[in-house]
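Right, one structure below, let's go through it.
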Amino acid sequence: MRRYVLEAPRVGVRRPGFLSDLNDEQRRVAEAGPGPLLVIAGAGTGKTRTLVYRTAHLIDGGVDPDRILLLTFTNKAAREMKERVAKLVPIAADKIWAGTFHHIGNRILRRHAERLGYGNNFGIVNSEEARDLMGATLGEVVGDPSGRRFPKADVALSMLSTAVNVDRTLASVVQERWPQFISHLPQLDRVMTRYLEHKVEMNLMDYDDLLVNWRLLLEDHPDVRAAYAEQFVHVLVDEYQDTNKLQAALVKLMSSRHGNVMAVGDDCQSIYSFRGADVANILDFPKHFPGAVVHRLETNYRSTPQILAVANRSIRFNRRQFEKTLEAVRDEGERPACVSLIDGEQQARFVAQRVLELREEGTELKSMAVLYRAHYQAMELQLELQRRGIPFVVRSGLRFFEQAHIRDLLAHLRVLFNPLDRLAWTRVLRLQEGIGNAHANNIFSALSVHGDPWRALQTGVEPPGLSSRARKGFGQVRETLLALGQPGMTGNPASMFDYLLDRGYERHLRDSYPNGEQRVEDIRQLGHFASQFDDYTAFLEELALVENVSAEEIQRGADPDEHLLLSTVHQAKGLEWDVVFVLHLSDGRFPLGRALKTQEEEEEERRLFYVAVTRARRDLYLCHTQWAVDRDRMRVLQRPSRFLAELPLTDASLLEVWRIAEAP
């Protein structure tokens with residue numbers, strides 16, 4: 001390991017006086033002295049710029065670039081920061097250790113993996129390979145799980161990853177998030193132990209191992225810890241509000257010699273607790289790093305004063321936070337509009353119409369975005385946009401009706417609608433244990449040999465050549481489809497989705513997918529949407545009409561980049577648009593009802609609202625729907641979101657209240 005000594009300041013080819021580019025808040029951070037620093041950087045205040053100039057100032061002051069560790073949340077961000085530093089002080093800026101936690105962990109472990117029982121040429125498995133290895137381990141430890149409720153490989157991996165990243169025991173994580181598997185904890189412990197053993201035997205690490213083993217290396221080998229703590233005179237961390245407990249522990253270990261940690265982030269934008277991020281890391285930074293100096297960046301370059309007034313007013317209701325007030329640089333603009341709408345259908349029509357009007361007025365589609373709390377909340381809007389030929393993309397996800405679990409349930413209805421639909425039959429049959437492609441094809445051939453698969457199903461035709469498991473699965477499919485075909489079901493599409501969930505599909509989702517609860521909610525909301533149709537055929541015909549509008553027809557003659565963006569608020573963090581619509585601001589939808597069990601959860605929901613508001617540069621539309629349909633097809637009145645009520649709506653200086661009337 002290289003021996004480091006402090007060096008005298010160096011003078012190189014650089015752009016003189018570059019700190020004059022900064023405002024006073026940013027410059028104070030860039031020039032701050034030694035010791036721990038916490039920079040609370042509000043939305044749109046130039047956080048990245050400040051990090052870049054701080055790094056450049058350190059190098060310009062004599063710090064060797066390879067004694068600077070810059071931790072980011074994407075490697076792209078790290079590359080861009082290094083490039084920007086190089087433009088200010090081109091003195092070997094490429095030697096800065098910059099990258100994600102996983103990137104830096106891999107770099108360090110390549111040097112010392114043998115200390116942990118690995119070779120330095122260890123392989124890194126991707127998510128698919130990790131799933132295959134976990135599946136093989138489940139088979140080895142548990143045997144054939146058919147007929148028993150045991151987590152699938154994806155869920156088992158999610159359990160282990162969650163425990164690692166939140167620094168808790170497997171038992172506590174399973175009890176909190178997967179209580180249906182609590183009785184299997186002894187077997188799960190054996191599965192996880194054997195999975196870890198397999199990786200060491202095969203000289204493999206998965207993504208989480210890069211952090212876990214990095215931490216073990218530093219904690220169990222004092223000489224390695226001392227060497228790296230000596231090397232890095234300055235440790236700078238971006239997006240500190242998104243770190244988990246494991247990452248925070250690594251920051252502390254890597255900075256244990258010099259204590260020069262600069263954490264940059266915004267506690268008011270901490271919205272990823274479901275991934276293990278812990279807002280306490282940034283809130284308690286002064287406690288973890290005694291003597292820390294706190295700086296605030298409050299000058300906002302993104303939004304109008306009117307938009308910031310809404311954001312500032314809302315976030316003040318959170319108790320645990322570093323208080324700050326965003327101040328706008330931009331000129332005065334229009335007050336945000338709180339738009340009161342009858343239901344999701346009218347909300348969709350309003351957004352589509354307003355988007356077209358804004359486009360006519362000169363705002364490009366790509367400068368507008370529609371944000372929501374959960375993907376199912378954009379269901380009606382996606383259909384309306386397709387009807388009107390407005391091109392759109394869903395950020396980091398499939399369109400609602402293209403998702404696998406939605407296609408699974410729609411396939412049951414398609415079999416009833418068109419019993420000759422072999423693709424729908426195959427999809428339905430393959431959901432059963434013991435039925436793969438071969439059995440599914442045999443079953444369909446046997447049912448359709450006389451031309452009417454539905455009649456064959458009713459008369460009890462038994463396909464030949466099935467294994468015992470496949471026969472059992474086919475029996476369940478027969479029972480399910482015949483029940484769905486009863487008049488009481490076909491005339492009430494919502495009841496069909498409820499029935500399918502109750503018949504085992506809900507259990508299948510929760511046991512098979514880490515986000516099973518979210519998928520169940522998607523289907524319940526699909527049932528609510530289907531309840532407006534008189535029967536399932538009308539529902540399927542409506543979907544077919546809009547699904548068959550081709551992307552080529554929608555975008556003919558248009559800029560291929562010209563589209564409206566639809567996104568959850570989580571996926572929109574870090575982005576900005578001239579115009580932002582926020583949907584379904586009703587209690588139970590935004591905030592989500594299931595996320596209001598504790599004060600901490602409510603405060604994170606309010607931070608989500610804050611993030612949504614601060615994505616807008618010029619125009620902001622906050623949409624509230626007055627009515628929804630419950631599981632019994634009853635219309636229920638919805639209260640405006642508490643985040644709207646807190647503003648409050650009666651303050652005319654803060655919001656314009658729009659009530660949309662439509663011609664009969």
Side-chain angles (χ1 to χ4, degrees), residues 1-12 14 18-19 22 26-41 47-73 77-86 88-101 103-105 107-108 214 218 224-240 243 247-265 281-282 285-286 288-295 297:
M1 183 71 66
R2 175 178 171 184
R3 182 179 178 84
Y4 287 91
V5 295
L6 294 177
E7 302 174 357
R10 299 173 301 166
V11 178
R14 66 182 182 88
F18 58 82
L19 292 184
L22 305 179
Q26 296 167 341
R27 183 162 185 161
R28 281 193 290 271
V29 172
E31 294 180 325
L37 301 173
L38 176 60
V39 182
I40 302 299
K47 166 182 65 67
T48 301
R49 181 183 184 85
T50 305
L51 258 175
V52 165
Y53 278 72
R54 168 68 172 175
T55 305
H57 180 66
L58 291 173
I59 296 172
D60 190 51
V63 178
D64 193 321
D66 70 357
R67 304 196 71 179
I68 297 174
L69 175 60
L70 176 58
L71 292 163
T72 64
F73 271 78
R79 288 193 300 270
E80 290 176 349
M81 287 188 197
K82 287 175 69 173
E83 290 169 0
R84 291 171 64 177
V85 169
L88 299 174
V89 283
I91 309 172
D94 61 318
K95 293 183 179 179
I96 298 170
W97 282 53
T100 64
F101 280 87
H103 173 86
I104 299 299
R107 185 172 177 180
I108 290 174
W214 178 12
L218 298 181
V224 178
R225 179 175 68 248
Y228 283 106
E230 175 61 33
Q231 173 180 345
F232 294 115
V233 178
H234 289 273
V235 177
L236 297 87
V237 191
D238 192 15
E239 303 285 9
Y240 198 73
T243 55
Q247 291 164 328
L250 286 166
V251 170
K252 198 161 189 176
L253 288 165
M254 294 295 284
S255 62
S256 57
R257 167 67 177 85
H258 298 287
N260 296 323
V261 182
M262 186 173 90
V264 182
N281 288 346
I282 191 168
F285 185 90
H288 297 152
F289 296 91
V293 176
V294 180
H295 293 265
L297 302 182

Got a second to check how far [X]'s [atom1] is from [Y]'s [atom2], nearest 0.5 Å?
X	Y	atom1	atom2	result
Q247	T100	CD	OG1	9.0 Å
L69	M254	CG	CE	5.0 Å
E80	T48	CD	OG1	8.5 Å
D94	R79	CG	CZ	14.0 Å
I104	W97	CD1	CH2	6.5 Å
L218	I108	CG	CD1	6.5 Å

Residues which pass side chain to side chain contact (heavy atoms under 4.5 Å, CB included) with [X], listed by chain and number, not counting sequence neighbours:
X	value
R257	A229, E230
A226	none
E83	none
T55	I59, I68, V85, I96, L236

Of all residues at least two apart in sequence or in a different chain, which pass the ring pair (Phe, Tyr, Trp, His ring centres under 6.0 Å) check with Y240?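 Here the qualifying residues are F285.
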If you take all heavy atoms of [X] and [Y], which pair is closest and at what distance?
X	Y	answer
A32	H295	CB-NE2, 4.1 Å
H103	A98	CD2-O, 3.7 Å
F232	D66	CE2-O, 3.8 Å
A30	L19	CB-CD2, 3.9 Å

Is the shortest heavy-atom distance from the side chain of [X] to the side chain of [Y] under 4.5 Å?
X	Y	answer
L88	Y53	yes
V293	P36	no
T72	M81	yes
L58	R54	yes
H288	K252	yes
F18	V89	yes

Ion pair check, K95 and D64, cut-off under 4.0 Å: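 Result for this pair is no, no salt bridge flagged.
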Would you please test V237 and M262 for side chain to side chain contact (heavy atoms under 4.5 Å, CB included) and show each step? CA-CA 6 Å; V237 191; M262 186 173 90; over 6 Å; no
Using modelled atom types only, decide if a donor and an acceptor are shared between the side chain of R67 and the backbone of Q231 within a distance under 3.5 Å. yes
For R27, all residues meeting side-chain hydrogen bond (donor to acceptor under 3.5 Å, both in side chains), sequence neighbours excluded: E31
Residue set satisfying side-chain hydrogen bond (donor to acceptor under 3.5 Å, both in side chains) with T50, at least two apart, ordered chain then number -> none
Run the side chain to side chain contact (heavy atoms under 4.5 Å, CB included) check on L70 and V235 step by step: do they pass? CA-CA 6 Å; L70 176 58; V235 177; over 6 Å; no
Is there a side chain to side chain contact (heavy atoms under 4.5 Å, CB included) between L250 and W214? Walk through the geometry before answering. CA-CA 8 Å; L250 286 166; W214 178 12; 3.5 Å; yes
Does a donor on one side chain and an acceptor on the other come within less than 3.5 Å for T243 and N281?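 N281 and T243 do have a side-chain donor-acceptor pair below 3.5 Å.
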Sequence-distant partners of K82, salt bridge (Lys or Arg N to Asp or Glu O under 4.0 Å), two or more places apart: none
Pair I40, L297 - check side chain to side chain contact (heavy atoms under 4.5 Å, CB included), show working. CA-CA 6 Å; I40 302 299; L297 302 182; over 6 Å; no
